[in-house]
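Since this is a predicted model, take the numbers as computed values, not measurements. Heavy-atom basis, side chains included; hydrogens, waters and symmetry copies ignored. We count ligands from 1, going down the list as the structure has it; atoms in each ligand are counted the same way.
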Amino acid sequence: MTSIKMLGTGNGGTLNLYNTCFVIGNEQGVFLIDTGGSIEILKRLKQSNIRLEDIKNIFISHSHTDHILDLIWMFKRMSRMAKHGEITEKINIYCNDVVYEAIKGVSSYVLPPTLIEAIYHITNFVILNDDDKFTINGIDYEFFDILAKGTKQFGFECNIDNNKFIFLGDEPLNPLLNERIRNADYVTHEAFCLDKEESIFHAYEINHSTALSAAKTLNELDVKNLILYHTEESHGSDRKKLYTEETKSVFDGNIIVPDDLEIIKFSKEK
Ligand SMILES: [Zn+2]
């Protein structure tokens, strides 16, 4: 059985929430989606009983700090493990060409050459093109360009236990992708803040959505379950309640506002 564990659900500026990243896990292994931006990922993985040597597949959606930088911390730890024979199998890193250049560039400045040599010995970069398909841990994935207004960014769709699941990264849905999204069972979409607090957080000026605007858009496309993440953190433990309240009147399906470390299980009912 496949489930998702949210390692983080915050946006790029959060301190108490970790930046948005998660694992898709089943009996065949884990697939790490983004890494967040600090060494915190190592703690989150440990809390989730996921060993670094068990991560064989990583996807990085785009090259912004809150999605990519912890890969460098993982490299630092993993390269030492590789040097000592604790990691021997290849790790696939799925990303677009801009992400690839960013990883290579940053690594070259912040990691010593011996560790770079060790990590590149065990990594296999898979540079993604639009509509590329790969099977990872028994699940078929189709990666696609989300047609971001900002930095080049990829998402993916896959079938999990007969549910069409779509990961849309951290930009508002581009209408050119509407037909891909329509009728999906589960869609992840960013929600930078509550709509009633847009004037405080200015979601729109940094190319993000409010919870209400995201829910309205996805409701028009008959999405069944909407996962809202990549939020601000000012409401503490009331976040789930407030974001759900704001969106439930405009969304006919199920709204999920996960907390950090929450597990999302997929419905079998159709
Ligand atoms: Zn982000």
Side-chain angles (χ1 to χ4, degrees), residues 4-24 31-45 58-74 93-103 105-106 128 143-156 165-174 177 187-195 197-198 200-211 213-215 217-218 226-235 239 243 256-262 264:
I4 284 179
K5 181 154 193 182
M6 301 302 304
L7 300 175
T9 61
N11 63 32
T14 51
L15 299 174
N16 296 317
L17 294 174
Y18 190 45
N19 309 138
T20 294
C21 56
F22 60 92
V23 288
I24 301 174
F31 182 24
L32 176 61
I33 313 300
D34 284 338
T35 63
S38 80
I39 197 171
E40 178 78 15
I41 188 86
L42 297 177
K43 187 170 145 193
R44 300 283 165 142
L45 290 169
I58 301 171
F59 167 66
I60 305 289
S61 62
H62 63 300
S63 57
H64 284 172
T65 51
D66 52 319
H67 299 264
I68 194 175
L69 277 187
D70 209 333
L71 184 66
I72 308 299
W73 286 103
M74 290 176 69
I93 300 179
Y94 300 84
C95 61
N96 67 51
D97 54 341
V98 175
V99 172
Y100 173 71
E101 292 301 331
I103 293 169
V106 173
L128 296 169
F143 295 90
F144 59 89
D145 191 327
I146 71 159
L147 307 173
K149 285 192 180 149
T151 305
K152 185 172 181 178
Q153 182 168 175
F154 270 51
F156 60 78
F165 171 75
I166 298 181
F167 168 74
L168 276 177
D170 80 346
E171 275 211 12
L173 172 66
N174 186 318
L177 297 176
V187 173
T188 68
H189 195 287
E190 54 85 29
F192 197 77
C193 62
L194 294 169
D195 198 70
E197 294 181 340
E198 206 284 327
I200 301 171
F201 293 103
H202 310 292
Y204 297 137
E205 76 178 29
I206 46 173
N207 212 17
H208 286 309
S209 308
T210 68
S213 65
T217 301
L218 279 293
L226 173 57
I227 301 167
L228 295 175
Y229 60 12
H230 203 273
T231 78
E232 51 79 35
E233 62 183 356
S234 68
H235 298 290
R239 182 182 65 143
Y243 278 65
I256 301 168
V257 185
D259 290 321
D260 280 19
L261 299 176
E262 187 169 325
I264 298 169

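Looking at heavy atoms from C-beta onward, T35 lies out of side-chain contact with W73 at the 4.5 angstrom threshold.
Ring to ring, F167 and F22 are close: their centroids are under 6.0 angstrom apart.
Not one N/O/S atom of E190, from backbone or side chain, sits under 2.8 Å from the Zn ion (ligand 1). In summary, an N, O or S atom of H67 is located under 2.8 Å from the Zn ion (ligand 1).
Take the Zn ion (ligand 1) as the corner point: the lines to OD2 of D66 and to NE2 of H230 open at 100°, to the nearest 10 degrees.
For D170, the N/O/S atom at the shortest distance from the Zn ion (ligand 1) is named OD2.
Atom NE2 of H230 and atom SG of C193 lie 12.5 Å apart (nearest 0.5 Å).
The side chain to side chain donor-acceptor pair (under 3.5 Å) test with D170 is passed by exactly one of H208, Q153, H64: Q153.
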